[in-house]
Enquirer: 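Next up is a structure, given as structure tokens.
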Amino acid sequence: MDEYSGRYRLMCPGPVNVSQRVMDAMTGSEIGHRESEFSALLKNIRRNCLKVMNLPEASFAMVVITGSGSAANEAVICSAIRPEETVLSLVTGEFGRRLGEISAIYNPKTVVHAQDWGTPLDIAWVEDYLASHHVDWITMVHDETSTGELQPVKEVGAICKKYGVKLFVDAVSSFMVDPLDLAECNITFMSTSSGKALGMSPGLSLVVGRKDAFEALRQYPVRNYYLSLARHYDFFTQKLQTPNTPAIALFIALNEALNMIAEEGVVQRLQFQALKAERFRRGIQTMGLSLLHADHVLSNAVSTVVLPDGVRFADLRESLRARNFIVYGGKGPLADKIFQVSTMGHVGIEDVDALLSALRDILSEQQHSVA
Ligand SMILES: *Cc1c(COP(=O)(O)O)cnc(C)c1O
């Protein structure tokens, strides 16, 4: 451990800072996963999770998987989509690309529709494609974290409904930052993870979906034992347990994180997340920096800032690290063109202001135009 004792302000799109209350929960007790205590925990997690999503327990279900967000994505793709089904994978950035990559492993009939990163999804193309081709599933991301742009899930959901196509949405970075209504958007399954806007440590992922779709999994071939959604669902519904030994401490923390959101209220939570993102973005623009595609539909999970001329991301990153801030650079075509800041998790207004002031100092030190 270095001189900062490992205490960083994680203002990157995951992992995020965790509140003391959730930290205390994580280290506060030891229970066994085949005991009634664990079942009570799972029951509470389900109740709170569906409650904050405004979904009835009668028609929606969920599972929690030990593994980061990608585990939930792979679990859905390998379990819910049968090998003979056709998948249309919509890609406008890195995380959409990964969904297509996972799908291609399990499903030979995967068609990837890839656009330039950050271009708004061509809805008319999607509609034309479904009108003229047989498609069983669409996979897409809600907040495409690599660009910070929200994807038109509602519009795609409406087209899916029209053509009888099932929809899987990766909401890993948007859950509890940007509103998403599963029922309204006609979503069959949705994934998210503990280590982003839930304000918890990474290591757990969640799949939420229609109960009839979970029930149907029992008839499908198991193509990945550990990530079988059917096994997770069976254990959850029949025993209130997980099939294998879960990361128990993380489940305790997840329960507490959801308790906190239920107490705070979802509307309030989303408003505060929006407030922090707006404050950061205003500050950036006041400084003379610009957001990537400021006129597009942006997620409140992450802000993507164009690197000023002459500033290398590696230098900016090191200067921010020296002040205890962690931010990310761009992936793929955005490498060394942008940097990304997230205000998700246990981050207050004072952290947003502190980061803005650090950025101002660093950039003026490097003698780059600060208005
Ligand atoms: C973070 C993230 C994931 C999951 O990535 P992991 O490396 O498994 O944590 C998936 N999708 C999106 C949109 C994400 O932001």
Side-chain angles (χ1 to χ4, degrees), residues 10-18 63-78 89-105 112 114-115 117-118 121 138-153 156 167-180 182 185 187 189-209 224 226-227 229 247 250 253-254 257 273 277 292 296-304 326-332 334 338-345:
L10 297 171
M11 299 187 69
C12 51
V16 300
N17 284 120
V18 177
V63 301
V64 185
I65 299 170
T66 295
S68 72
S70 304
N73 288 346
E74 186 155 350
V76 171
I77 289 170
C78 76
S89 192
L90 303 177
V91 178
T92 55
E94 171 61 15
F95 291 94
R97 193 193 65 74
R98 290 187 197 175
L99 292 182
E101 202 167 60
I102 300 170
S103 184
I105 293 171
V112 173
Q115 299 186 184
W117 287 24
L121 183 70
I138 282 184
T139 66
M140 71 186 297
V141 175
H142 183 213
D143 165 32
E144 174 47 79
T145 320
S146 61
T147 61
E149 301 201 10
L150 278 183
Q151 304 300 307
V153 172
V156 172
L167 177 60
F168 168 49
V169 176
D170 167 342
V172 172
S173 63
S174 63
F175 186 61
M176 289 299 127
V177 186
D178 303 298
L180 181 66
L182 254 66
C185 295
I187 294 170
F189 287 110
M190 183 215 87
S191 63
T192 191
S193 83
S194 60
K196 294 196 176 165
L198 275 169
M200 226 198 93
S201 308
L204 296 183
S205 56
L206 285 69
V207 176
V208 183
N224 181 316
Y226 194 81
L227 292 177
L229 209 51
L250 292 180
L254 173 64
Q273 301 295 336
L292 185 74
H296 290 186
V297 187
L298 303 181
S299 163
N300 289 323
V302 59
S303 297
T304 305
I326 303 295
V327 303
Y328 281 172
K331 296 182 185 350
L334 293 176
I338 54 117
F339 65 97
Q340 290 197 300
V341 169
S342 172
T343 46
M344 298 185 281

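What's counted below: heavy atoms across the whole structure, side chains too, no hydrogens, waters or symmetry copies. Source: prediction; values computed, not measured. Counting starts at 1 for both ligands and their atoms, in listed order.
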Enquirer: Going by atom types alone, do Thr92 and Gln151 pair a side-chain donor with an acceptor below 3.5 Å?
Expert: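 Result is yes, a qualifying pair exists.
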Enquirer: Keeping Ser342 on the side-chain end and Ala301 on the backbone end, is there a donor-acceptor pair under 3.5 Å?
Expert: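 Checking the backbone N and O of Ala301 against the side chain of Ser342, a donor-acceptor pair under 3.5 Å is found.
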Enquirer: Would you please write out the protein residues whose heavy atoms approach any atom of ligand 1 to under 4.0 angstrom, listed by chain and number?
Expert: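 Contacting ligand 1 under 4.0 Å are Ser68, Gly69, Ser70, Asn73, Phe95, Val141, Asp143, Thr145, Asp170, Val172, Ser173, Lys196.
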Enquirer: Are Thr343 and Met11 packed together at the side-chain level, in the sense that at least one heavy-atom pair is separated by less than 4.5 angstrom?
Expert: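 SC-SC contact between Thr343 and Met11 confirmed.
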Enquirer: Any side-chain donor-acceptor pair under 3.5 Å between Thr139 and Ser89?
Expert: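 Yes.
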Enquirer: Going by an N to O cut-off under 4.0 Å, is there a salt bridge joining Glu101 and Arg98?
Expert: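 Salt bridge between Glu101 and Arg98, a charged N being under 4.0 Å from a carboxylate O: no.
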Enquirer: Hey, does the side chain of Gln340 reach the backbone of Thr145 with a donor-acceptor pair shorter than 3.5 angstrom?
Expert: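 Pair found, side chain donor or acceptor close to backbone of Thr145.
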